[in-house]
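In this chain, numbering begins with 1 at the start of the sequence shown.
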Amino acid sequence: MDEVKHERFVRVVEKRMDVLINDFYKLGNCASLVSYDYTQSEVDQIIKEIEHQTDILKERFAGKRSFSLCPVIEE
């Protein structure tokens, strides 16, 4: 394994994971019914999109999906 590439990977992933975790925490703040009003349908849409993006990420790490300028339309 190319140690330089791996070190860069670890450095970049740690920073991006910190941002992602922080953003999830902030999104979770929207669950406060004291400050916000929302429907279960809206919550379901949010969770569905997060799960969809997680599935795409898994596919990319598994080498099953690569970047494309043409978006994949899934039904």
Side-chain angles (χ1 to χ4, degrees):
M1 179 185 303
D2 188 339
E3 193 61 32
V4 173
K5 283 185 175 182
H6 185 257
E7 289 171 3
R8 186 172 66 231
F9 172 81
V10 170
R11 178 177 42 83
V12 170
V13 166
E14 285 177 349
K15 287 180 183 179
R16 291 181 183 178
M17 285 297 297
D18 286 343
V19 170
L20 186 59
I21 291 166
N22 187 45
D23 285 347
F24 268 97
Y25 179 81
K26 290 188 285 188
L27 182 59
N29 289 341
C30 293
S32 171
L33 289 173
V34 172
S35 301
Y36 303 102
D37 187 27
Y38 51 86
T39 66
Q40 185 60 46
S41 175
E42 291 168 325
V43 172
D44 292 344
Q45 284 180 282
I46 293 167
I47 300 300
K48 183 178 177 181
E49 183 59 28
I50 290 169
E51 289 172 345
H52 175 70
Q53 293 302 323
T54 302
D55 289 342
I56 291 172
L57 179 63
K58 288 177 186 178
E59 290 175 358
R60 290 185 68 192
F61 272 103
K64 296 178 182 175
R65 182 180 284 226
S66 60
F67 174 77
S68 172
L69 291 176
C70 299
V72 175
I73 299 174
E74 299 179 13
E75 297 178 27

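Note that the CZ atom of R8 and the CG atom of D2 stand 8.0 Å from one another [nearest 0.5 Å]. Note that CG of D44 is 9.5 Å distant from CD of E51, once rounded to the nearest 0.5 Å. In this structure, CG on L27 lies 11.5 Å from CG on N22, to the nearest 0.5 angstrom. Here OG of S41 is found 10.0 Å from NZ of K48. Values are rounded to the nearest 0.5 Å. To the nearest 0.5 Å, the span separating CD on Q45 from NE2 on H52 amounts to 13.5 Å.
Both M17 and I50 belong to a single network of hydrophobic side chains, linked directly or stepwise wherever heavy atoms of I, L, V, M, F, W or Y lie under 4.5 Å apart. Grouping the Ile, Leu, Val, Met, Phe, Trp and Tyr side chains by contacts below 4.5 angstrom, directly or via other members, places I46 apart from Y25. Hydrophobic clustering (ILVMFWY, side-chain heavy atoms < 4.5 Å, transitive): L33 and I47 are in one cluster.
By the side chain to side chain contact (heavy atoms under 4.5 Å, CB included) test, D23 is found to be paired with V19, K26, residues two or more places apart in sequence or in another chain being considered. For V10, the side chain to side chain contact (heavy atoms under 4.5 Å, CB included) partners two or more places apart in sequence, or in a different chain, are H6, E14.
When all heavy atoms are compared, the tightest approach of Y36 to N29 is CE1-O, 3.7 Å.
In this structure, Y38 contributes its side chain and A31 its backbone to a donor-acceptor pair below 3.5 Å.
Defined by atom type and a distance below 3.5 Å, a donor-acceptor pair is present between the side-chain atoms of Q53 and E49.
Residues V43 and T39 fail the side-chain proximity criterion, which asks for heavy atoms closer than 4.5 Å.
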